[in-house]
Amino acid sequence: MEYHFKEIEKTWQAYWAKHKTFAAKDGGDKPKYYVLDMFPYPSGAGLHVGHPLGYIASDIVARYKRHKGFNVLHPMGYDSFGLPAEQYAIQTGQHPKITTEQNIARYREQMDKIGFSFDWDREVRTSDPEYYKWTQWIFIQLFNSWYNKQTQQAEPIETLIQYFETKGFNCKLDDTLTGDIEHELPAFTANEWKQFSEKQKSDVLMNFRLAYLGEAYVNWCPVLGTVLANDEVKDGVSERGGHPVERKLMKQWSMRITAYAQRLLDGLDGIDWTESLKEAQRNWIGKSEGCSLKFTIQNSTETIEVFTTRPDTIFGVSFVTIAPEHELVNKITTAQQKQLVDDYVTKAKNRSERERQADITKITGVFTGAYVLHPFTGNQIPVWVGDYVLAGYGTGAVMAVPAHDERDFRFAKHFSLPITQVIEPTISHDFEKDAWGEKDGVLINSDFLNTLPVKQAIKRAIEEIEKRGFGKGKINYRLRDAVFGRQRYWGEPIPVYYKNDIPYVLSENELPLVLPEVDKYLPTEDGEPPLARASSFKKDGEYAYEFSTMPGWAGSSWYFLRYMDPKNSQQFVNKDLANYWQNIDLYIGGSEHATGHLLYVRFWTKFLKDRGYIPVDEPAKKLINQGMIQGRSNVVYKVVGVWGGSNLTEEESEEISNVISKLPELFISKGHYDVITKYNNLVESNTPIDEEFRNKYNYISNEIEKKQEEYYKSTKSKIPKDDFWFSLGINSLVTQNVDVNIVQNDILTIEAFRKWRKYYENAEFILEDGKYICGVIDNEKMSKSKYNVVTPDSICEKFGADTLRLYEMFLGPLEQSKPWNTNGITGVHGFLKKLWRLFYQTGSFSVSDEAATKAELKVLHKTIKKVIEDIERFSFNTSVSTFMICVNELTDLKCNKRAILEPLLICLSPYAPHIAEELWKQLGHQDTITFEPFPECNESYLVDDSFNYPISFNGKTRFNLELAATLSPQEIESLVMAHENTIKYLDGKPVKKVIVVPKKIVNVVL
RNA sequence: GCCCCGGUGGUGGAAUUGGUAGACACGCAGGACUUAAAAUCCUGUGGCGGCAACGCUGUACGGGUUCAAGUCCCGUCUGGGGUACCA
């Protein structure tokens, strides 16, 4: 009987669904194991073969852990709010809900065909009101919390109110507070607090809430009509669609993720994520230690506060630069400079982020006319405005030390400002050409800091600055608070309403706040978000709800918790269940989420832990980034027919175009194309062409001429024959993409090609070796227009899901990106057929109950050992090889023994579950193979009696020598030295020493 | 610029702690079976030389450490990813 994968796979997929084989139990004696994939956004294009890569890997681990006796939670769901469905709705009017449901159905159908062991009863969808009810609920908890710096955790807002009621508030004294509000919030006493109006209280508390309404510079995308997060902007344009983005000051709901900056940094040390991913997060958080320092403005009580990491260079300050957006720009600018400064500021503001980034070498700035006083020397220091200083980072002002900072140096040179060296570098350095920015050297020209090395000077400077009250040691983060509102329709409504201009959150029993129906999915004529179109979208029919919706990352920041308790209508997750499942043991997904999703989900997890809802403060213990599978396109090379007659009548021209349009297309194989291209290049560059190569070219050109003749005859045209030819000129061969699904091993399936498009119906080919070989373009994105999309369904149809699973793993290391290429798939498919034949050696199913031989046991246990090792280190490609070796060896041994084949099937079942189940059943088992204990390696079968030693001389292996494993190194040495080959290679030379590494190598040093 | 990860046959890749480089698979060449095709099986396959035994050479390049280096160290080139007037 043949291996009929289609029936087998259909049968077992139905069996698993019917028996709910993969349903996770909430508790029990088994240890738990939680394997999670980053859930997909269900796009209209469906899944291509790249998407399941990570799912297959996680599925192998999930199934392996079930064999290992774990209670495995392996769920799947959909991140189903998002822009594409909304854009589609804008174009077609179809409700995004419907689009989303259709896409989900398609995704599900595709995933089911691959045989994943997901617990589908736990499916979640972020756009489901029963789900986003709890996303809204978490928002409310964030709104009702503040971050206490002393306890280093989030607390209920009530504790802060109590604090205000008893102690009032003074930002100069209270270290308790979060964010940058030390600069902004005026002090008040406990009594004043009690006198505050509700609005005043609300405004004050807004500075502390973890979800807050605040004014901030945001990335505004006019084309999309919405605000974008930093990680949604790439190179100054929107990540989705590539539309320009500008900076705009807006009132926005935001998340105070900055409060967690230090903990997000520290938490990285305790989790097993790749170093590159941790680095990306560290960079994103961007911690820098230094101090804040106030410069008093001359003839004023105002100060400019700067942040610097180099307080040691304080005596080298020659000017201060503030950002164009800085609030003091207007106040300090002198009358003479006003016009210049105003012009500059306007220009700078209109310059998009992209432009600013584009020409960083272009130095612009303008003097304000104002001076500040140096805190130590009292010297006058000019204040400049320059757009190299960013309003959003630090205090939006810098003290410029041109001798020791690259950008300050360029600025000073450009405007001829003084440059004062205050550090003597460790190596010679030309201060005319360059700044010395290294934290190395000894301080000079610096009063009390003189003679100190830089690192000590930094400490000493901060001490002195603090002592004299000029500023204080401070840590700055690059991380910004996350903007939480989007002016879009297809997202979670923010559960907030406004009463007397005060925002209030809904109470729990009012959730979910369901997305209202609207007539159009566009902003209103007044520029309000789409939700403003729903006239009845008001609390109690009276108070307007917030019109912004949540960003894409809201629902995904906690979904891993919902899988633990997906149907709970009372809580987002039951506490006992959260305690049982803890966090994700293995999380697999793409590296594109390094600074977006993975930062936000860590933030929300820490918050929920702080508030006592869950027991863990990191979402995932171990994380693997699967590589991207890129497209690989195939192309065919078309030869174009040309009519070259001159002085044609109109009639003739018409006939020509008529005839040409009816001619069959002619294609030449890749080898021919290469020859012609090379030939053309040689001719072009006047390079001499050798005989052999010219012959090759002539052969092809003759072949084409024959076709030409044929074509000409078939047209029965009156036009002279010489006027018609196929052009082989340098630019006249046309490269056309061809559907990769009708190409096998880069060989075009000609029949399929002729059927593929009507106009290729009669296509003709000039073959090489009887085949049409296509060209290849690697590393393109998979896209419809390139005809290089390969769906998992098409592979399942041709080769089966087990082949797809094995092949995707066999392609290479999981974490590596690679182009999709079906070339080797027959090898993997052949392996499964070979496995099948082990059970059908006699033609029908037959398995022997005889005891296994030593050789057979060795093959089996070698395989078990390797497969366990490989899974534990997530090296799935090598275990596929191991299975191949195993089956090859068992085939050589003609082994059909149950004692060998049964354990082998269990080992293979995580990788190729359908065939394993089927053969397991044929072996007479009633139950699924899923929970069979994974075989254990018995080392005693692996012990060899002898070892084949490579004998090397000065590190070069010369011959091999089979020696008993029990020999001592001394015995080995004397046997080797006495061997005739040794004597031959020594050639009478003296031996310096002999290295014997048991069971590895013998090296004779001459 | 800075940070991270890579560079191994015609191709994808293996070599886990420094110990026979190229496992496994594709492709290619030759052969068996077959009317033929498919399927299956066998042999060979880094390069150079040689009928062969075998020799030389070889993991981007140049050095170094070591009895021994794809693996460790230094420098250079190069590909990919992240990030940036971040003070």
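Keep in mind that this is a model prediction, so the values were computed, not measured. A note on names: the letters A, B, ... follow the listed sequences, proteins ahead of strands, and every chain is numbered from 1.
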query: With no hydrogens and no angle check, do the side chains of A:Ser591 and A:Asn625 hold a donor and an acceptor under 3.5 Å apart?
result: no
task: Determine which nucleotide pairs with B:rA87, using a 3.5 Å limit on both distances of a Watson-Crick or G-U wobble pair.
output: none
task: Find the partner of B:rC56: check Watson-Crick (N1-N3 plus N6-O4 or O6-N4) and G-U wobble (N1-O2, O6-N3) distances, both under 3.5 Å, and reply none if neither fits.
output: B:rG47
- request: Indicate whether OP1 or OP2 belonging to B:rC28 is found under 4.0 Å from a side-chain N or O atom of A:Lys771.
  value: yes
- prompt: For A:Val997 and A:Val1004, take the nucleotide of RNA chain B holding the closest heavy atom to each; which residue's nucleotide lies nearer the 5' end?
  reply: A:Val997
Protein-nucleotide distance (A:Glu815, atom CD; B:rG6, atom P), rounded to Å: 10 Å
query: Do A:Tyr840 and A:Glu2 have side-chain N/O donor and acceptor atoms under 3.5 Å apart?
result: no
message: Below the 4.0 Å mark, does B:rG55 have OP1 or OP2 next to a side-chain nitrogen or oxygen of A:Tyr985?
response: yes
field: B:rU35 - base-pair partner by Watson-Crick or wobble geometry, distances under 3.5 Å
entry: none
query: What does B:rG79 pair with, Watson-Crick or G-U, if both distances are under 3.5 Å?
result: B:rC5
- request: Scan every strand shown for a Watson-Crick or G-U wobble partner of B:rU16, both distances under 3.5 Å, and answer none if you come up empty.
  value: none
query: Can you find a side-chain donor-acceptor pair between A:Ser288 and A:Asn476 that sits under 3.5 Å?
result: no
query: In whole angstroms, how far is the C1' atom of B:rA68 from the CD1 atom of A:Ile1001?
result: 7 Å
query: Counting only Watson-Crick or G-U wobble pairs whose two distances fall under 3.5 Å, which nucleotide matches B:rA25?
result: B:rU11
query: Taking only N and O in the side chain of A:Lys1000, is any of them less than 4.0 Å away from OP1 or OP2 of B:rU20?
result: no
task: Answer with base, sugar-phosphate or nothing: what part of the nucleic acid does A:Ser276 contact at a heavy-atom distance below 4.0 Å?
output: sugar-phosphate
message: When you measure from the side-chain N and O atoms of A:Gln816 to the phosphate of B:rG13, is any distance below 4.0 Å, counting only OP1 and OP2?
response: yes
message: So for A:Lys866 and B:rU16, does any side-chain atom that can act as donor or acceptor lie under 3.5 Å from a complementary atom in the base?
response: yes
- prompt: Does the ring center of A:Tyr807 lie less than 6.0 Å from the ring center of A:His829?
  reply: no
